[in-house]
Protein chains: 2
Amino acid sequence: MEAQSPRARRRGRPPKCAEGGRETRELLLRAGLEALTEKGFAATGIDEVLRRVGVPKGSFYHYFESKEAFGIELIEHYGAYFVRKLERHLTDESLPPLERLQAFIAEAQAGMVKYEYRRGCLIGNLGQEMGALPESFRARLNGVFADWQARVARCLSEAQAAGEISELANCDQLAAFFWIGWEGAVLRSKLERNSDALKIFADGFLTGLLCR
Amino acid sequence: MEAQSPRARRRGRPPKCAEGGRETRELLLRAGLEALTEKGFAATGIDEVLRRVGVPKGSFYHYFESKEAFGIELIEHYGAYFVRKLERHLTDESLPPLERLQAFIAEAQAGMVKYEYRRGCLIGNLGQEMGALPESFRARLNGVFADWQARVARCLSEAQAAGEISELANCDQLAAFFWIGWEGAVLRSKLERNSDALKIFADGFLTGLLCR
DNA sequence: GAAGATATTAGACCGATCGTCTATTAAATA
DNA sequence: TATTTAATAGACGATCGGTCTAATATCTTC
């Protein structure tokens with residue numbers, strides 16, 4: 001007895017290598033991301049995040065000023081992570097522009113399947129919760145959407161230049177349309193626990209692109 | 001002193017007419033709807049709902065078995081309320097089918113404006129929160145979507161019969177597409193506090209309808 | 001119209017959560 | 001080695017959410 005978990009019962013700064021490489025701060029962000037994409041901000045407690053990682057509470061407020069600050073950082077973190085994923089596809093010169101977008105959609109779909117439709121989009125989740133969130137979140141969330149949208153718009157412009165879609169199409173508007181609908185599709189997909197909504201939206205969007 | 005609020009300090013069943021006509025239960029549902037469309041389920045406390053109506057806590061558990069039961073009832077309540085709104089437009093024989101849908105969209109948009117984009121769609125809100133909600137909610141939420149979707153599909157079929165949209169269109173799929181995207185638009189609209197997303201989605205959807 | 005039965009309210013209660021604070025100890029520094 | 005700094009441990013108070021028990025007005029019935 002007295003054993004407890006390996007970390008328990010021992011206060012103070014831990015041995016350097018005990019962390020196994022990954023920093024505690026990173027672990028907290030990762031666990032927070034998982035929790036928030038599943039359950040949102042309000043429904044996720046700090047304690048729960050800490051428990052997942054096996055870190056005691058005291059540490060949290062060493063790394064983050066407050067839950068709000070933690071949330072803000074998660075938004076940036078996730079936004080940037082998603083931009084990388086997006087750009088990896090959208091700038092893939094080996095494919096024609098429209099197929100790049102399709103490749104991104106396919107990966108995003110696979111991501112939903114991977115977590116059995118339990119996790120959604122952090123930005124969408126928090127947007128829905130906005131009514132109960134610190135106002136400081138609003139601008140960041142909008143900023144992330146604006147960024148994502150601009151990148152899709154650029155890709156659509158390239159599709160236009162390549163003659164894949166009509167000269168008449170308004171790429172900015174179409175990109176906005178894409179993200180509006182995609183977030184809706186993620187939401188439904190999470191609710192129904194299948195890919196139907198993702199497929200229906202992706203199909204409909206691409207069909208709509210071609211006949212303008 | 002000793003005055004307090006008119007209701008305070010007096011336990012037991014209150015005088016009959018004190019209610020002013022509206023039943024307490026109705027008031028709770030109404031206030032709950034407001035709160036949940038703004039902030040979601042998890043972020044809304046019973047206390048807060050009660051405070052809005054000026055009813056003490058004890059009453060709540062007389063009318064509802066639990067917060068969960070309250071939520072379920074709100075879903076039904078809201079689902080039915082929305083079906084009435086939807087049907088009022090979709091069965092309006094004085095307009096051609098497609099314009100009926102547009103009329104519904106216009107009213108829904110006006111609703112968002114009316115509450116300054118603070119309130120969203122209860123069903124969408126709860127869907128997003130599903131990860132933190134009682135499983136019992138899932139089936140109900142899906143049921144409501146299925147209902148709404150079937151009604152829009154019927155309207156689209158009528159549009160098809162009237163020659164407003166192509167014979168080739170798959171009305172069920174289009175109706176699904178509509179609700180997927182509309183929920184996304186409401187979310188964005190709430191986040192950005194303007195109608196841009198609603199307009200972009202509605203325009204894009206209708207344009208897409210016509211060129212199939 | 002008195003005596004239960006029922007509907008409805010008042011608010012105590014317990015547990016969870018948030019953010020803070022102090023104590024403790026490993027590492028870095030000089 | 002002595003001192004400072006980084007990081008963790010976990011108790012604590014305040015608040016709040018959800019549930020439950022007690023109290024009381026009205027209804028019912030004879």
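Chain naming here is simple, since letters A, B, ... match the order of the sequence lines and numbering starts at 1 in each. Computed from a predicted structure; not experimentally measured.
- Within the helix from C/dG1-D/dC30 to C/dA30-D/dT1, the inter-axis angle between the opening and closing five-pair segments is 0°, rounded to 10°.
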- request: Decide ring pair (Phe, Tyr, Trp, His ring centres under 6.0 Å) for A/F70 and A/Y63; before the verdict, give the C-alpha distance in whole Å, the side-chain angles of both, and the deciding distance to 0.1 Å.
  value: CA-CA 9 Å; A/F70 183 60; A/Y63 291 109; over 10 Å; no

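- As rounded to whole Å, 14 Å separates atom C1' of D/dG17 from atom CZ of B/F70.
- With ring centers used as reference points, A/F137 lies under 6.0 Å from A/F41.
- A donor N or O paired with an acceptor N or O is found under 3.5 Å between the base of D/dG18 and the side-chain atoms of B/K57.
- Of the two residues near DNA chain D, B/F60 and A/H62, the one whose nearest nucleotide lies more 5' is A/H62.
- With rounding to whole Å, B/F64 atom CZ is found 16 Å from D/dT19 atom C1'.
- The residues A/E116 and A/R193 are annotated as not salt-bridged, no charged nitrogen and carboxylate oxygen being separated by less than 4.0 angstrom.
- Closest to the side chain of B/Y63, out of C/dC18, D/dT8, C/dT9, is C/dT9.
- Candidate nucleotides C/dT17, C/dT9, D/dT8 were compared by shortest atom distance to the side chain of B/S59, and C/dT9 ranks first.
- Counting only heavy atoms from C-beta on, A/D47 has its side chain closest to C/dT17 among D/dG18, C/dT17, D/dG17.
- For B/T44, the side-chain contact (heavy atoms from CB on, under 4.5 Å) criterion is met by B/A35, B/L36, B/K39, B/E48, B/V49, not counting sequence neighbours.
- At D/dT8, one or more side-chain N or O atoms of A/T24 fall inside 4.0 Å of OP1 or OP2 (strictly under the cut-off).
- When distances run from any side-chain atom of A/P56 to the nucleotides D/dT8, C/dT9, D/dT19, the shortest one goes to D/dT8.
- Spacing between atom CD1 of B/I46 and atom P of C/dG15 amounts to 20 Å, rounded to whole angstrom units.
- Taking only side-chain atoms of B/Y61, from C-beta outward, the nucleotide of C/dC18, D/dT8, D/dT19 with the closest atom is D/dT19.
- Annotation: side-chain hydrogen bond (donor to acceptor under 3.5 Å, both in side chains) contacts of B/Q173 (sequence neighbours excluded): B/N170.
- By the 30° and 60° cut-offs, the orientation of the rings of B/W182 relative to B/F178 is parallel.
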